[in-house]
Amino acid sequence: MSDNLKVVENATCTFCGCVCDDMNLTVDVDEHRITKAENACILGKAWFREHGIEQRPFALIDGHEATTEAGVEEAAQILARARFPMIYGLSDTTCEAQRVAVGLADMLGGTIDTTTSVCHGPSGIAFQGVGESTASLGELKNRADMIVFWGGNPAEAHPRLFSRYAVTPKGMYIPNGRKDRTIVLVDVRRTASTPAADIFVQVKPRSDFEVLWALRALVKGRKVDPSIERRTGVSLAVLEDLVARMKRCNYGAFLFGMGLTMNRGRHFNSAALLALATDLNQFTHWVAKPVRGHGNVTGADNVVSWQTGFPFGVNFSRGYPRFNPGEFTTVDVLARGDADAALIIASDPASNFPKPAIEHLKRIPVIVLDPKATLTSRLARVAFTTATYGINVTGTVYRMDDVALTLRPAFPSPYPSDEQVLTAIRDRVRVLLGGNRLPAGAAPIAPAVAAAS
Amino acid sequence: MPEMMTLIGGRTSKQGTSLTHGKLDGEYLEVTSTVEMNVEDMARLGLKNGSRVKLRTPEGEAVLKCKGRETKDLPRGILFLAYGPLSSQLMAGDTAGTGMPISKNLDVEVEPVPDQAGP
Amino acid sequence: MGSPLRIVNGRVYDPANGVNGVVRDVCVRDGKIVDDVPPDAKRIDATGLVVMPGGVDIHCHIAGPKVNLARKVQPETHRDDVQLRTRVTRSGTGGTVPSTFATGYRYATLGYTTAMEAAVPPLGARHTLEEFHDTPVIDKGFFVLVGNNLLLYRLLQEGRLEEFRHALAWWLTVTKAYAPKLVNPGGDEMWKGQRNANITALDDKIGAFDLTPRRVIAAFIEAANALGLPHPVHIHCNNLGHTGNVETTLETMRLAEGRRAHMAHIQFHSYGAVAGKSRSNPTSRARDIAEYVNTHPNISADVGAVMFGHSTSMTADAPLAYMLYRIAGGKWVNADTENESGCGIVPFTYQDQVYTNALQWAIGLELFLLSEDPWRMVFSTDHPNGGSFMTYPRLIRLLMDSEFRKQQMAQVNQKALDHTSLRDLQGREYSLYEIAIITRAGPARLLGLTAKGHLGVGADADITLYEEDDDKEKMFAAPRYVIKDGELIVEDHEFRDDHGGRVLHVAPAYDAKIEQVIEPFFEDYYTIRFANYAVDDRYLSHHQVIPTAAPAAAATPAGAARP
Ligand code: SF4
Ligand SMILES: [Zn+2]
């Protein structure tokens with residue numbers, strides 16, 4: 001450790017979707033590392049501790065060291081040649097980089113998808129079907145006197161959700177903090193989060209939907225048969241008590257995790273929960289919110305949505321955005337063997353995708369942007385080392401509640417940012433294609449008058 | 001004779017911190033290759049903490065170390081595994097038109113592995 | 001900024017300079033209108049074309065958190081209404097809430113070059129500016145929601161009026177907003193804090209606060225005037241959409257007491273009730289509203305006309321959206337923003353045979369036809385609330401072509417028309433000159449945009465050239481040329497170039513000491529750090545600060561120079 005220390009106040013942790021912006025970082029300027037991260041949780045501390053500058057090549061092409069520029073040329077050639085290029089990842093980078101990535105997909109007539117499709121994608125589909133009553137996290141802090149956590153383990157995945165936003169903090173109408181709230185936790189197993197709850201409801205695996213639907217029925221004053229307990233492991237008395245509390249509270253909130261989305265029923269589970277929250281608004285104020293994972297996955301949803309109208313899984317091959325989960329989502333595109341090139345930004349599908357998808361990634365040219373070596377970067381044709389967002393580069397990140405924040409980097413990196421590499425690739429592709437690629441059969445210049453008029 | 005159990009994939013803070021350190025690193029691989037199992041199930045199958053089990057789905061198989069959990073924390077018949085390269089081996093590519101593969105509540109065959117056959 | 005350009009032989013409508021259909025040349029250089037250009041300048045032959053300044057939309061919803069939620073929740077509306085990419089422009093999708101690129105291009109293809117997003121919570125400012133970055137061609141700004149702001153409520157409740165004014169200036173400046181916006185003042189606190197209740201009258205108590213909407217509205221009118229903002233406080237009144245709300249609207253306008261105030265989408269606030277019935281269908285009170293506006297030059301309004309077909313209700317008036325959801329069924333989005341705002345979104349279809357919908361359509365037209373000052377009763381559909389901006393050409397035709405209007409009137413619910421004066425207004429038709437006022441010159445003047453809405457020397461060279469046509473809908477749906485900042489963007493109905501557009505915002509001065517009042521509130525009640533709240537200039541790319549009039553004596557210049 002050197003004596004050349006500086007402190008960066010109000011920095012932002014981008015490890016999880018809580019995106020806490022109250023980090024006070026002590027930076028060892030000479031050693032290029034963060035020696036202390038005040039206010040960070042255990043995950044945040046590890047995030048800041050582990051992101052020093054490693055000695056890695058700027059780029060690897062077929063495993064051989066190369067410059068960033070050579071990597072850009074090779075990547076652009078691969079993408080411009082491809083008939084079905086797939087762009088994926090994007091949840092651990094800035095909105096500025098995400099914007100360029102969507103633009104590149106549009107220019108290529110390719111497909112873009114984010115890690116949303118394998119996280120809360122089903123909640124996004126549910127949202128399209130039924131809408132959502134939601135809130136920024138400060139409303140939970142200031143007003144929520146009843147919070148129901150469903151199918152998640154925040155104590156281990158989003159540690160400060162409890163301490164900074166939702167369970168213990170005092171707020172405007174919650175003067176005594178934890179004492180003024182009723183906390184309910186619903187899960188199939190006990191986890192590190194269970195002790196935080198006043199009421200723990202253990203449901204049998206694969207029965208979340210049935211429990212949610214029974215709650216909806218009770219909220220609407222319908223009869224539910226006591227056999228619900230045999231099916232779900234939860235007694236009617238427990239459900240009735242929950243409903244009474246839900247109607248009585250002043251401001252209630254559901255925070256739900258991937259226990260609902262990665263499970264049988266997927267978007268039906270999320271939709272049932274969103275609909276329950278909506279129904280409860282006939283009696284008192286209720287909101288619901290998916291607890292999002294990676295630092296800027298919410299930004300990715302936002303950027304892809306404002307540029308295309310759809311949140312993830314978007315294909316541009318016909319000259320305009322099309323959305324079809326199951327068709328244009330990455331696991332499907334890869335498992336079917338459709339993509340003939342892949343550009344992966346800040347994600348590691350080779351270590352968490354289903355086996356058939358990984359098998360296809362091994363068959364096609366893959367371009368990877370990542371600060372660290374991963375299983376995916378190991379199988380890549382072109383692997384760029386990039387600077388870490390929030391630690392080395394600034395940019396915009398969206399918290400899980402859609403609140404946008406500007407990053408305060410701690411120290412510079414010799415490596416370029418994702419945005420810089422993507423911009424260079426896009427500019428080179430534009431030259432190779434002579435502008436945006438027009439879909440086969442399109443008029444040379446499409447009429448300016450929109451279809452809607 | 002292998003037994004059927006239900007496997008839940010998920011995240012843990014150990015997996016999270018080790019992932020940040022590096023995915024090609026020992027700790028991450030250790031965390032993501034240990035499956036949690038109900039202690040009564042383990043006793044019945046003759047497994048101890050650290051014993052090896054083979055999990056199999058129609059898609060693939062993985063050999064993991066097991067670790068016991070009390071019944072009140074993890075019911076009988078349920079397994080928990082942190083996401084990583086080995087959980088991937090068990091997941092099918094089908095997403096039922098959603099984009100999301102199933103990684104929680106997978107039906108898996110569980111079979112003890114004699115000691116020397118570990119990975 | 002493009003090479004010099006001479007538009008020759010066009011019929012020019014430039015009401016701000018009193019030019020009414022005179023055939024003359026318009027010269028452009030470096031993005032501005034100039035007196036003359038060298039003889040070798042590029043020429044556009046505008047023979048047979050109508051030349052107008054680019055359109056200015058004073059009130060629409062095109063970017064930011066609620067707009068993006070509204071986009072996301074309606075994938076079905078994007079599928080059959082797509083925006084193809086060209087070699088030079090990006091692709092997108094439409095529906096009543098188009099993607100950002102489609103929004104910019106489609107406004108441009110209607111001849112609009114400026115638009116104001118009308119409702120952004122301060123916490124959503126950064127997001128809104130990010131979307132603006134991806135909204136091409138047009139210049140844009142946003143109105144920031146301050147009418148349900150709990151810190152401002154506290155200052156007001158404690159009678160700290162000077163600090164209230166400084167805090168308002170601070171909020172406008174650090175969010176890069178264009179104007180202060182009130183939406184159903186007090187309503188969000190009732191909605192979020194009192195089991196989904198709402199404000200029903202100007203003298204209701206606002207939740208736990210010792211305040212009423214009356215006091216809140218008066219204070220904002222006062223403060224906005226004192227700050228000398230280019231656009232005064234922009235008010236969405238209490239009781240929007242409710243039968244009998246006209247009394248609330250008239251009372252709200254009276255609160256201005258001669259000071260400037262702008263009434264948003266006033267059509268939605270012009271409803272009467274059948275005398276003697278407490279629960280009745282609404283009736284039209286457009287005459288009372290029009291008369292009040294006609295005789296009070298301090299008041300301006302945009303109509304917020306309703307057009308039949310698909311729309312999206314998206315509003316910071318969360319209890320209103322819930323009411324619509326209970327009527328319409330289907331999808332509902334609600335989004336609460338800590339200490340600042342509420343928000344509701346409901347996809348909605350206006351049907352010509354439904355009494356209330358037909359009445360709303362008719363009231364919008366009545367207000368236009370009864371208006372005696374087109375400069376103060378300007379054009380809007382509150383896009384996409386009353387209908388998409390893509391319906392503007394049709395609305396223009398309804399105003400200009402009484403025969404067409406009569407045909408359309410014959411097709412709607414006649415009982416509704418019985419409760420309006422629309423049949424008595426058949427004699428009135430808007431001229432091109434008046435259309436140029438309500439769609440460009442008027443909104444620009446009300447916004448205080450001195451370089452927009454006209455073609456005088458020094459104005460921004462935002463120009464639209466339409467082909468004259470008896471069918472005004474056709475004429476206004478597809479201009480032959482659109483010039484933005486002196487650059488030819490649309491030529492012969494096709495995109496020639498892409499263009500970024502600017503962000504328009506204000507930066508009124510405030511006493512830097514106000515931050516010592518605001519910061520502790522943040523520590524207690526916000527979940528983001530005070531230091532991370534102000535939006536920095538990086539989010540603006542091209543931008544323009546519209547100056548405020550000389551600040552009132554009490555406002556010490558300071559602060560505006562945040563790093
Ligand atoms: S809760 Fe999440 S964002 Fe906050 S410090 Fe921990 S890891 Fe970082
Ligand atoms: Zn509006």
Side-chain angles (χ1 to χ4, degrees), chain A residues 9-10 12 21-22 95 99 103 106 124 127-139 141-143 164-165 171-173 250-251 278 281 284-285 287 302 305-311 316 319-321 323 396 402-406 435-436 438 442 445-453, chain C residues 65 68 71-73 75 78 81-88 90-95 98-102 105-106 109 123 126-127 130-131 134 150 191-193 195-196 322 331-339 345 388 390 393 477-478 490 493-495 524-529 531-532 536:
Chain A
E9 291 186 337
N10 302 307
T12 295
D21 71 332
D22 59 345
C95 291
R99 283 206 298 241
D106 194 3
F127 174 84
Q128 292 175 329
V130 300
E132 173 181 86
S133 175
T134 188
S136 75
L137 290 168
E139 295 287 20
K141 164 180 150 134
N142 285 330
R143 299 180 192 269
R164 189 167 190 235
Y165 304 105
M172 189 174 288
Y173 300 105
N250 209 44
Y251 189 114
T278 295
N281 274 283
T284 186
H285 202 80
V287 298
N302 273 297
S305 292
W306 82 56
Q307 293 208 358
T308 73
F310 308 111
F316 291 96
Y320 55 86
F323 168 72
T396 310
D402 292 323
V403 170
L405 289 156
T406 308
N436 295 330
L438 297 180
I445 293 174
V449 181
S453 59
Chain C
N68 219 24
R71 264 185 208 114
K72 271 195 250 186
V73 83
H78 303 320
D81 180 16
V82 296
Q83 179 88 17
L84 289 168
R85 73 174 166 272
T86 70
R87 284 266 179 228
V88 292
R90 290 281 305 270
S91 73
T93 54
S99 63
T100 52
F101 293 101
Y105 298 138
R106 288 180 178 196
T109 57
L123 211 44
R126 206 172 264 121
H127 177 165
E130 282 215 290
E131 289 198 21
D134 287 347
L150 299 189
W191 169 251
K192 296 188 283 193
R195 297 177 166 266
N196 297 352
Y322 187 66
K331 309 177 197 182
W332 171 59
V333 176
N334 172 75
D336 305 336
T337 303
E338 60 207 66
N339 310 311
I345 299 162
S388 157
M390 297 302 283
V490 174
H493 308 294
E494 287 173 358
F495 279 106
D524 289 344
Y525 304 124
Y526 272 87
T527 51
I528 85 167
R529 302 286 293 175
N532 290 330
D536 64 69

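So you know, we letter chains A, B, ... as the sequences are listed, proteins then strands, and number each from 1.
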So which of [options] has the biggest tally of heavy-atom pairs under 4.5 Å with chain C?
| options | result |
| --- | --- |
| A/G435, A/P311, A/A404 | A/A404 |
| A/T406, A/L405, A/V403 | A/T406 |
| A/G129, A/G171, A/S133 | A/S133 |
| A/D106, A/T284, A/T134 | A/D106 |
| A/T12, A/D22, A/D402 | A/D22 |
| A/G319, A/C95, A/G309 | A/G319 |

Which pair of heavy atoms, one from [X] and one from [Y], lies closest together, and at what distance?
| X | Y | value |
| --- | --- | --- |
| A/R164 | A/D21 | NH2-OD1, 2.8 Å |
| A/G103 | A/Q307 | N-OE1, 4.0 Å |
| A/M172 | A/N142 | N-OD1, 3.0 Å |
| C/K331 | C/P75 | NZ-CD, 4.3 Å |
| A/E139 | C/N339 | OE2-N, 4.1 Å |
| A/L137 | C/T527 | C-CG2, 4.1 Å |

Proximity breakdown for [X] and chain A, heavy-atom pairs closer than 4.5 Å:
| X | answer |
| --- | --- |
| C/Y525 | both |
| C/D134 | side chain |
| C/P65 | neither |
| C/I345 | neither |

Worksheet item: Highest number of heavy-atom pairs under 4.5 Å with chain A: which of C/K192, C/H78, C/R71?
Response: C/K192
Response to the item:
In terms of heavy-atom pairs under 4.5 Å with chain A, the winner among C/L150, C/L123, C/T93, C/N196 is C/N196
Contacting region of [X] [heavy-atom separation from chain C under 4.5 Å]:
| X | value |
| --- | --- |
| A/F127 | both |
| A/V130 | backbone |
| A/T278 | both |
| A/E132 | backbone |

Worksheet item: Is the closest side-chain donor-acceptor distance between C/T100 and C/E131 under 3.5 Å?
Response: no
Practice prompt. Return the orientation label for the C/W191 and C/Y322 ring planes: parallel under 30°, perpendicular over 60°, tilted otherwise.
Written response: tilted
Item to complete: Report the C-alpha separation of C/H127 and A/W306 in whole Å, then their side-chain angles, then the decisive distance to 0.1 Å, and conclude whether the side chain to side chain contact (heavy atoms under 4.5 Å, CB included) test is met.
Response: CA-CA 10 Å; C/H127 177 165; A/W306 82 56; 3.7 Å; yes
Discussion item. Salt bridge or not between A/K141 and C/D524? Use side-chain N to carboxylate O under 4.0 Å.
Written reply: no
